[in-house]
Amino acid sequence: MVEGISLSRRRALFGAAGLAGAGVVGATAAACSDDPKPISASAPRGLVPFHGARQAGITTDAQDRLAFAAFDVSAGTTREALRDLLVGWSAAAARMAAGQPVADDDAAPQAPPRDTGEAVGLTAGNLTITFGVGPSLFDGRFGLAARRPAALTEIPPLPRDNLDPLRSDGDLCIQACADDPQVAFHAVRNLRRLAQGAAVLRWFQLGFGRTSTTSDSQDTPRNLMGFKDGTNNIKREDAASLDTHVWVGADGDQAWMRGGTYVVTRRIRMLLESWDRDYLRDQENVFGRVKRSGAPLGAAAEFDDVPLTAKDASGELVVPEDAHIRLAAPATNNGVTILRRGYSYTDGVNQETGQLDAGLFFIAFQRDPRTGFLPIQRRLATQDALNEYIQHTSSAVFAIPPGVRDDRDFWASGLFAT
Amino acid sequence: MRRAPVAYSAIAVVIATGAVACGGSDAGGSDSGATAAKQNVTITLTSKGCSPDKSSIAAGPTTFKVVNKDAGAVTEAELMNGDTILGEKENIAPGLSGTFSLNVKAGKYQLYCPGGSGPEKVDFTVTTAVAGTAAATQSPEVTTALKTATTGYATYVRQQVAELVTNTAAFVTAVKAGDLEQASKLYAAPRLNYERIEPVAESFGDLDPAIDARADDAPDPATWTGFHRLEKAIFADHSLDGTGTIADQLNTDVGKLNTLVAKTTFQPAQIANGATELLNEVGQSKITGEEERYSKLDLFDVQGNVDGADKAFTLLEPALKSLDPTLATKVRTQFTAMYKALEPYKRGTGYVSYDTVTQDQRRALSQAVDALAEPLSQVAGIVVS
C-alpha cells in the first residue's frame, strides 16, 4: 500500500516531466479539469480564473508572494449579514482576480474612492484569492453547528508548541497569492475594508518567497535555512494523489464541502542565528539532504528516491533516524501526504532578543487534517532534528469550500443552502 | 491634534487630485475615471484680480484652470457662494497655473482673487444644466433638510466654542492661582468642548497647534503651548511654576477661535467629512494613549470626538434617509455599537483612567471606531450632490 502510492506518485511525476515545457496554460487546464468552463486555455497571461468547481490558490502554480489574513466575525453580526459579507467578498475577489479594482469609481469628489488604488497600473500577477472558514464559525452564533464537518476540528496542543493566540485561529480566512506583493496586499486590504462592521482582522501574515512547488514546471525553491524543501510535494499534474489526499470527495460528511479541502497554517519561526552557526554536515543531517544540490543523502540528484534503508560502511543509516526528510516522507507516514504551499516570512526583529523574527509560514492542504497534518506533525514534534532550530508560533485550521461557480454564486454558498 | 491639518476651504483642491489618483478601472492601468469635468473655465490672474474667460456656465462638473502670467500681487482664485468658499487654488505665482474641479449647481456665484486693484469679486453665473450633463437635481425636501443641517452645525460649533471659552477661563484661573487640585479637576471640561469640534479648529492654520499640540508636535519645547503643556505641568510635573503666560496665551487663543467660528459657514459634505476626521482622531491618537498621556483622560477625548461626529451625522441624517436609507441605517447602527463599546468604561460623568484599559480592550475599541468610520466616510459623497 505504502509503496503503491509512492510509486504511482513518482510515475505521475516523471510522466508529466516531459510536458513541463508546455507551460502554464496546459497545466492550469489540468488543475481545473472538472471545471465546467475551462477558461484557462484562453485566459490572458497573468490571470488565474476565479470561478470554477474548485478554488484557485491551492493547485495553482505557487506564486511568489503571500498575504494571508484571518478574520473574526464581529459581535452582533447576523447570519444574514454574514451571508451578505461573503456575497460582497466573492464579487470583489472575482474582480480583483480579473485585474480590476473592487469597484469602478465614478468620480465622486467628496467620497473616498471605493478601491484603495495601489494596484492600479499593476498586472494581476496570477492573483488568487482563496477563502476558508474556521471551526469557531460553527459555534452557536449563526445557527451553523449542524453544518460543521467532522474534519474541521481545532488543532490540539502539540509538543513544543509556543503559540501566540492573537496570531492563531479565526472565524474566516483569506489567502491572497500573487507574483507582486502589492497586488496580494491590495486584495486583503480591500476585502478587509469591505468587511468593516461585519468582521475584524484577527491576524495578518505576509510571505515574501514561496517555499514549495505545486507543479512539475516549477523549480524547487529554498527555505530560509538554505535547503530545498518540498521536493516531494503533491503536484497539480498528479490528479490521483490530489483526489486521494487533498480534495474532499463525494463521501464527505457535509455536502457543502465536497470539492473543497482543509488548510492548516503554522507560523514556524526559524532560530536563524543558531542555525547559521551549525556546521554544514550537521545541517545536512538535520534535513537529510545535500545543501547545495538538494539530493537526498546517499543519492545523486534532487528527485532521486530517498534511500531510507541505506547504511554507510560503519552500519549507520545514511539518512539519519531523526532527519526531517525521513520523518516527513509519505513512506514513513503510512502513505499520508499533504499539499504544502508555504512562504518564507519575516516580521523584522524580535524585540526581546534582538534576533531575526523570520521563518516559514507553513500552509498545507489536505482532505482531513486529522489524518493529514496532525499525525505527521505529532511525529515531527517529538522526533525531528529540526526542532532544535524552529518554534511553532501560530496555528490555525480552516475548511476551504469548493469554488465559486459563476458570478451568481458566492464563497461557501452551500453553507447557507436550506 | 492632527499632524497635517487640511483647511476646510481647501476641500475642493483635495478632490481634484483624488480623482486622478483613484481613476483606473482596469488592470491595464488606463486612467478612465480621471476626467470627470466636462467643461473648463480659465481664470487669468491680473493685477486687478480675476479675469475669467467666461462669466456664465451650465451646471455640472467643471474644471477651473487658474493661470498667472505676470500678476505679482494676486496669486489665488476662489469660487465663492456668499461667504462660503466652494473651491480654490492658492499659490499661483507669475508663470504658474493650477486647477480645481467642482460639480457646480445652478446659482449665483462670485470669483474672488484677493490682492488686486480692481473690484474685489467678479460675478459668476451657473445656469441650469443642459440635457445630458450630470447635474443632480435635489428634491426640495432634501435641499431644505441639508440647509437645516448646515445652519444647525454652525450653531453647534458656536455653542461648543462658547462653552470652551467659559470652561477654559475657569481652568486658567485655577492654573494662575497655582491651585493644582482645582486645575486638575477643571482640565477635562474644556477638553470635551474642544474635541467635539476639533476639525473646525484645525481649519484655522496655527490655532490648533497653539491650543492642542502634544509634546512631540512642538518643534521646540520652549515654544510648546496649549492644553497639553499645562496637562504635563499638572499631572506629570505637579508644579504650575512658570505656566502663567501659557495659561494666558491659551485664553487668548481660545478667544480667537471664538471670533473665527462666528463667521464660518459649512457645506453638507464638509460636515460629513469633519465627522469622519473626528473618528480618525480617535483611531490615531486616542486609542494609543498619546493624546492625554499625563492625565490619562483619553476616553474623555474619545467621548468628545464621538459626540461631535454623532452631532454632525444626526444633523445630516434626515437628508441621508431620503438619499440613501441603507447607509443611514448602517451608520446609526454603528454609532449604537460605538456607545455600547464605551459603556463599560464609564464612571459617573467621566471615564476610567486610560492606563487601566488593557491592550485587548483598546483593540476592541479601535475596531468599533473603524467599523463606524468606514460607512460614515461614505456619507459626504451622498450629501454633496
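Throughout, a chain's letter reflects where its sequence line sits, starting with A, and its residues are numbered from 1.
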Using heavy atoms and a sub-4.5 Å threshold, report which of residues 358-366 of chain B line up against chain A, by residue number. B/Asp360, B/Arg363

Note: B/Gln367 and A/Leu201 closest approach over all heavy atoms is NE2-O, 3.7 Å

Please name all residues satisfying side-chain hydrogen bond (donor to acceptor under 3.5 Å, both in side chains) with A/Asp161, sequence neighbours left out, ordered by chain then number. A/Arg266

Please list, chain by chain and in numerical order, all residues satisfying side-chain contact (heavy atoms from CB on, under 4.5 Å) with A/Asp179, sequence neighbours excluded. A/Gln63, A/Asp64, A/Asn126

In terms of heavy-atom contacts, B/Ser377 and A/Pro112 come closest through O-CD, 2.9 Å

Compare every heavy atom of A/Ala111 with every heavy atom of B/Gly381, then report the nearest pair and how far apart it is. CA-CB, 3.6 Å

Any residues in residues 183-194 of chain A near chain B, with a heavy-atom distance under 4.5 Å, and which are they? A/Arg192, A/Arg193

